[in-house]
Amino acid sequence: MADKTATLTVGDSSYEFPVLEGSVGPEVFDIRKLYGAAHMFTYDPGFTSTASCESALTYIDGEEGVLLHRGYPIGQLAEHSSFMEVSYLLLNGELPNQSELDGFARTISRHTMLHEQLATFYRGFRRDAHPMAIMCGVVGALSAFYHDSTDIADPEHRRISSHRLIAKMPTIAAAAYKYSVGQPMMYPDNSLSYTGNFLRMTFGVPAEPYEVNPVVEKAMDRIFILHADHEQNASTSTVRLAGSSGANPFACIAAGIACLWGPAHGGANEAALNMLREIGTPDKIPHYIERAKDKNDPFRLMGFGHRVYKNYDPRATVMQKTVREVFESLKVSDPLFETALRLEEIALSDPYFIEKKLFPNVDFYSGIILSAIGFPTTMFTALFALARTVGWVAHWNEMISDPGQKIGRPRQLYTGPVERDYVEMGKR
Ligand code: ACO
């Protein structure tokens with residue numbers, strides 16, 4: 001029994017349960033033995049008060065607006081490191097030295113190509129298919145092309161499939177884009193950085209050389225860092241739940257992509273930019289603020305609010321700064337950025353948003369910058385999926401390596417009919 005315990009009293013009966021302590025953050029009331037002891041379940045739809053697992057990857061303090069990967073603050077990682085470095089950190093637990101980083105980047109670059117038959121697979125999709133629909137399909141199909149790395153009990157298979165997923169995701173996302181615009185898919189160029197290669201595969205054409213703009217490359221890499229992992233969010237929990245049954249990693253990541261697609265999660269970056277376009281000019285903001293506050297109107301300020309952050313999302317701070325830097329370096333501007341800044345200012349001084357602690361999240365500004373780089377809105381969530389793949393893979397590995405891992409199997413509060421006899425067709 002842990003040093004500290006919590007007592008649950010139901011009627012005349014009392015039950016004692018251990019209280020577990022993490023390295024930082026709230027203590028956790030361990031109710032694993034509750035059903036056996038009290039024949040009761042806990043009820044927590046949406047997991048608002050439930051820790052589903054133990055993890056050493058990422059820590060969030062939503063009250064203070066803190067996000068740490070393996071202990072390192074996201075602001076420092078975004079400022080000083082690269083997406084490859086953060087990927088290594090998430091997967092291995094420590095920052096790499098130079099030769100470890102070079103070795104990791106080299107390994108990833110060796111897996112960037114797709115099985116040639118996958119090109120045929122793409123042709124089965126309609127030209128106007130959403131890139132996320134293609135991503136779900138193609139990533140799920142990877143297990144049909146790479147079944148030599150799907151034995152999840154073998155650490156070497158796990159390592160190779162993890163590298164394959166991280167390496168191939170930019171190629172898959174860029175190919176989804178190329179397919180939608182009718183241009184030839186570009187083979188990877190492994191002499192470029194992870195991010196530079198992705199930009200070339202997306203915006204380059206075989207007919208001309210493509211020069212990677214270092215400002216755009218840096219900004220894109222930072223956007224990938226900001227999306228790399230975020231604790232037990234909906235898509236990561238989906239990956240873990242799918243993986244808990246022993247499903248192969250390609251299938252699990254496809255499940256994560258499907259979950260990420262929704263507008264309450266990764267789809268919010270697309271929805272946020274569409275919303276800013278609909279609002280248009282700052283004079284229309286009050287009307288939309290009123291709509292967001294109206295209980296009878298389904299409209300919400302997209303890119304605002306978060307299940308965990310009850311303070312400014314630290315990723316939104318970096319994202320806003322990055323928009324300014326890119327605009328200055330590329331000497332471009334977008335009136336929607338002014339609209340977004342004004343919207344933020346008005347919302348943050350409105351009692352509704354103050355009381356409910358609704359702040360901009362990572363998606364509020366990301367659309368503006370992705371649009372300035374040249375991505376259509378439909379690609380935004382695909383970029384999020386690309387970057388989050390490293391987080392999904394790291395969580396999946398952490399879970400599979402845990403000797404105490406069990407299949408995820410929640411229970412329910414049943415409210416349907418109690419047992420009754422079958423009624424013959426003629427008597428209904
Ligand atoms: N605009 C207006 N009101 C909002 C918003 C919003 N964006 N977000 C929450 N609220 C209100 C709700 O209406 C609710 O009000 P009530 O208490 O009077 O009923 C209250 O704030 C709490 O909201 P919930 O939906 O219960 O909070 P939850 O934690 O379940 O949802 C979520 C969080 C889904 C992110 C929500 O804030 C939202 O829909 N935001 C817009 C979509 C978005 O930006 N998603 C991206 C999240 S970040 C990410 O995935 C990378």
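One-based numbering, in listed order, for ligands and for the atoms of each.
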Just let me know how H306 lines up against ligand 1, side chain, backbone, both or neither, with a heavy-atom cut-off below 4.0 Å. both
Within the structure, does R307 bring an N/O atom to less than 3.5 angstrom of an N/O atom in ligand 1? yes
In terms of relative ring orientation, are Y194 and F224 parallel, tilted or perpendicular, with 30° and 60° separating the classes? perpendicular
Which protein non-hydrogen atom lies closest to atom 42 (C) of ligand 1, naming both residue and atom, and how far is it? M302 CE, 3.4 Å
For the residue pair F145 and F121, categorise the inter-ring angle as parallel (less than 30°), tilted (30 to 60°) or perpendicular (more than 60°). perpendicular
For residues Y309 and F359, establish whether the separation of their ring centroids is below 6.0 Å. no
For atom 26 (O) of ligand 1, the closest protein heavy atom turns out to be R300 NH2, 4.8 Å
Taking the six-membered ring for Trp, are F364 and H306 closer than 6.0 Å centroid to centroid? no
So for ligand 1, is D363 a polar contact partner (N or O within less than 3.5 Å, distance only)? no
Can you check whether F304 and F353 have ring centres sitting under 6.0 Å from each other? yes
Protein contact to atom 35 (C) of ligand 1 [nearest heavy atom, distance to 0.1 Å]: G305 O, 3.7 Å
Considering only the protein, which heavy-atom contact is closest to atom 19 (O) of ligand 1, and what is its distance? K295 NZ, 3.5 Å
Hey, can you tell me if H111 and H163 have their rings parallel, tilted or perpendicular (30° and 60° cut-offs)? tilted
Below a 4.0 angstrom heavy-atom separation, can you tell me which part of L358, side chain or backbone, both or neither, approaches ligand 1? side chain
What are the atoms of ligand 1, with element, lying closer than 4.0 Å to any heavy atom of A292? 2 (C)
Non-hydrogen atoms of F384 versus ligand 1: any pair closer than 4.0 Å? yes
Of the protein's non-hydrogen atoms, which lies at the shortest distance from atom 17 (O) of ligand 1, and what is that distance? K356 NZ, 3.6 Å
Can you tell me which residue and heavy atom of the protein come closest to atom 3 (N) of ligand 1, and the distance to 0.1 Å? Y352 OH, 2.9 Å
Between E278 and K284, does any NZ, NE, NH1 or NH2 come within less than 4.0 Å of an OD or OE carboxylate oxygen? no
Please could you name the atoms of ligand 1 that V362 approaches to less than 4.0 Å, counting only its heavy atoms? 51 (C)
Are R291 and F299 in a cation-pi contact, defined as NZ or CZ under 6.0 Å from the six-membered ring centre and within 45° of the axis? yes
Flag A268 as yes when one of its N or O atoms lies below 3.5 Å from any N or O atom of ligand 1, and as no otherwise. no
Any N or O of F304 closer than 3.5 Å to N or O of ligand 1: yes
Residues, nucleotides or ligands: over 12 heavy atoms within 6.0 Å of R110 CZ: no
Should E231 and R307 count as an ion pair when the cut-off is N to O under 4.0 Å? no
Atom 1 (N) of ligand 1 [closest protein heavy-atom partner, distance rounded to 0.1 Å]: L301 N, 3.1 Å
Nearest to atom 45 (N) of ligand 1, what protein heavy atom do you find, and at what distance? A264 O, 3.2 Å
Does any N or O atom in K310 lie less than 3.5 angstrom from one in ligand 1, N or O only? no
F47, CZ: over 12 other non-hydrogen atoms inside 6.0 angstrom: no
